[in-house]
Every structure is written in C-alpha cells, then in structure tokens.
Amino acid sequence: MDPYPQTKHPLFQTWKDMRDRCLNPNNKAYQKWYGARGITVCERWAKRNPVGTNNGWAPGFIAFIEDMGPKPTPDHQLDRKDPAKGYEPSNCRWVTTSEQASNKKPYKRPSCQGEKNKNVKMTEKKVIDLREDHEKGLSYNELSKKYQISKATCAQIALRKTWKHI
C-alpha cells in the first residue's frame, strides 16, 4: 500500500506549494512574498499527519479539497481574494492566470527624493554639496570616495541628469 496516496491527487501539489510558501523559511518565496510577510495558512488546511495514519492522507489536505473543490479547468490556479490576507476558505478561489494577474499586490516604487527614501545614500543637502565640490574642481573619483557612491552616479548628479528637482 502506498503510504502517500494523496501525492497522486491533482490538487496535492497546489496544497503542498501553498503550505511551503507560507510555512517553510527555506522556500525562496517565503522570505519575500509569503510567510515572512505574515501570509499564513489557516489551521484547518495546515494540518499534516504522521506517516501510517489516516490512510496516508493529511487532514489539512482533505479539508482543502472539501473547502475548495476541484479546479474548474487545469488552467485555474489558487488565488487569494485579498493579497494581504492568508490562505483560508473565505479568502481563496480558483482563477485563471489573467484573472490572478489583476489581483497582485501593487508595486509601490520608492521615492527618489532624498530624505523621503530611507534606502537612498544621498540627501538633498549632500547633492548640493556634491555639485558645489564638483564646481570647485573635485574629480568624479574624489567625489566618489567622499560621498561613497559610484563615479557614474557622481557624474549623473553633477550634470543634473538625476536629482533634477534640486
């Protein structure tokens, strides 16, 4: 008898991948998009079983099948209605790839305006200072060392190709 008959079920990989993204810190998607961001799997769907019990079927997988039913077509994928919430019956549905694309978390481009962006190395004050230093004759190499940015970035700032608002 196969100890893992559920692995042959058409929804098994979907269920396994969902759990892995949310519960396994070694999964690449865990850190950026799922588990580390607080996206969870409801307790009902998360349950696994010890080998040799329940005829090899995980209670969480059985619950997942009961709650979600079969995929309408092989092209359908599991989707969360609200991308900020976890995987649970009230927040999940089957959708096509194009439907899922319209439900993605919107990407918010960081501001490039100095103090408004905590990730930027330069502030408006530093940009003004860099331009003044350049006008005094400092080379891009010297500016690069002083402001700890690349020579190319120094040139872009000095020539007003970036930070144009200053």
Side-chain angles (χ1 to χ4, degrees), residues 7 11-48 58 60-61 64 67-68 71 73-166:
T7 61
L11 294 181
F12 178 77
Q13 196 62 47
T14 301
W15 175 78
K16 181 182 174 300
D17 290 347
M18 168 194 66
R19 290 183 79 262
D20 211 34
R21 288 189 299 266
C22 298
L23 305 173
N24 180 1
N26 296 320
N27 182 294
K28 290 178 184 178
Y30 176 93
Q31 291 300 327
K32 190 168 184 181
W33 302 110
Y34 295 93
R37 265 190 50 230
I39 303 302
T40 60
V41 176
C42 69
E43 188 176 332
R44 179 172 158 78
W45 290 357
K47 292 179 187 170
R48 293 186 62 184
F61 181 54
F64 178 75
D67 294 341
M68 292 302 298
K71 289 182 181 183
T73 72
D75 295 330
H76 279 73
Q77 301 172 17
L78 183 63
D79 180 61
R80 288 174 290 126
K81 297 172 191 174
D82 181 345
K85 294 182 179 177
Y87 288 95
E88 58 187 59
S90 64
N91 193 43
C92 290
R93 62 186 172 184
W94 297 115
V95 296
T96 62
T97 306
S98 59
E99 290 170 322
Q100 190 175 42
S102 68
N103 191 37
K104 295 230 185 268
K105 183 180 175 201
Y107 172 73
K108 186 176 179 185
R109 187 181 180 115
S111 165
C112 294
Q113 304 218 354
E115 291 84 358
K116 293 181 184 176
N117 182 350
K118 293 176 181 145
N119 298 322
V120 82
K121 290 182 179 181
M122 296 295 287
T123 62
E124 292 177 2
K125 168 101 173 79
K126 286 183 179 180
V127 167
I128 292 167
D129 292 345
L130 181 145
R131 287 182 179 148
E132 288 174 358
D133 287 343
H134 182 256
E135 288 172 12
K136 291 176 187 172
L138 266 65
S139 70
Y140 295 138
N141 193 38
E142 292 168 313
L143 293 170
S144 173
K145 289 177 183 173
K146 181 175 181 177
Y147 294 97
Q148 298 181 348
I149 57 176
S150 72
K151 288 184 272 187
T153 301
C154 289
Q156 294 285 314
I157 293 170
L159 299 172
R160 297 185 187 281
K161 293 188 177 182
T162 59
W163 293 83
K164 295 174 187 179
H165 65 286
I166 299 175

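Keep in mind the model is a prediction, meaning the values are calculated, not measured.
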Exercise for the section: Kindly give the heavy-atom pair with the smallest separation between Pro25 and Leu23, and that separation in Å. Expected result: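 Smallest heavy-atom distance, with atoms named: CD-O, 3.3 Å.
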
For [X], all residues meeting side-chain hydrogen bond (donor to acceptor under 3.5 Å, both in side chains), sequence neighbours excluded:
{"X": "Gln13", "answer": "Asp17"}
{"X": "Tyr147", "answer": "Asp133"}
{"X": "Ser139", "answer": "Glu142"}
{"X": "Asn91", "answer": "none"}

Less than 4.5 Å apart, any side-chain heavy atom of [X] and any of [Y]?
{"X": "Met18", "Y": "Phe64", "value": "yes"}
{"X": "Met68", "Y": "Pro89", "value": "no"}
{"X": "Tyr34", "Y": "Asp20", "value": "no"}
{"X": "Trp94", "Y": "Thr73", "value": "no"}
{"X": "Arg131", "Y": "Ile166", "value": "yes"}
{"X": "Glu99", "Y": "Gln77", "value": "no"}
{"X": "Arg93", "Y": "Lys81", "value": "yes"}
{"X": "Asp75", "Y": "Thr97", "value": "no"}

Kindly compute the distance separating [atom1] ([X]) from [atom2] ([Y]), expressed to the nearest 0.5 Å.
{"X": "Cys154", "Y": "Met122", "atom1": "SG", "atom2": "CE", "result": "7.0 Å"}
{"X": "Gln156", "Y": "Ser150", "atom1": "CD", "atom2": "OG", "result": "8.5 Å"}
{"X": "Glu124", "Y": "Trp163", "atom1": "CD", "atom2": "CH2", "result": "6.0 Å"}
{"X": "Cys22", "Y": "Trp45", "atom1": "SG", "atom2": "CH2", "result": "11.0 Å"}
{"X": "Asp82", "Y": "Cys92", "atom1": "CG", "atom2": "SG", "result": "10.5 Å"}
{"X": "Leu11", "Y": "Lys16", "atom1": "CG", "atom2": "NZ", "result": "15.0 Å"}

Exercise for the section: Say whether, by atom type as modelled, one donor and one acceptor occur between the side chain of Thr40 and the main chain of Gly86 under 3.5 angstrom. Expected result: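 A pair under 3.5 Å: no.
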
Practice task
State whether Tyr30 and Arg21 meet the cation-pi test: NZ (Lys) or CZ (Arg) under 6.0 Å from the six-membered ring centroid, and within 45° of the perpendicular axis.
Solution key: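 The answer is no; the distance or angle limit is not met.
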
Problem - Trp15 six-ring face occupied by Arg19 cation (under 6.0 Å, within 45°) - result: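 Flagged: Arg19 positioned over aromatic ring of Trp15.
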
Fill in the blank from the handout: Hits for salt bridge (Lys or Arg N to Asp or Glu O under 4.0 Å) against Lys151, two or more places apart or cross-chain, chain-then-number order -> none

Practice task
Might you work through the side-chain contact (heavy atoms from CB on, under 4.5 Å) test for Asp67 and Glu88, ending with a clear yes or no?
Solution key: CA-CA 9 Å; Asp67 294 341; Glu88 58 187 59; over 6 Å; no

Exercise for the section: Just do the side-chain contact (heavy atoms from CB on, under 4.5 Å) check on Lys125 and Ile128 with the steps written out, would you? Expected result: CA-CA 5 Å; Lys125 168 101 173 79; Ile128 292 167; 5.8 Å; no

Problem - Set of residues satisfying ring-ring contact (aromatic ring centres under 6.0 Å, His included) with respect to His134, sequence neighbours excluded - result: Tyr140

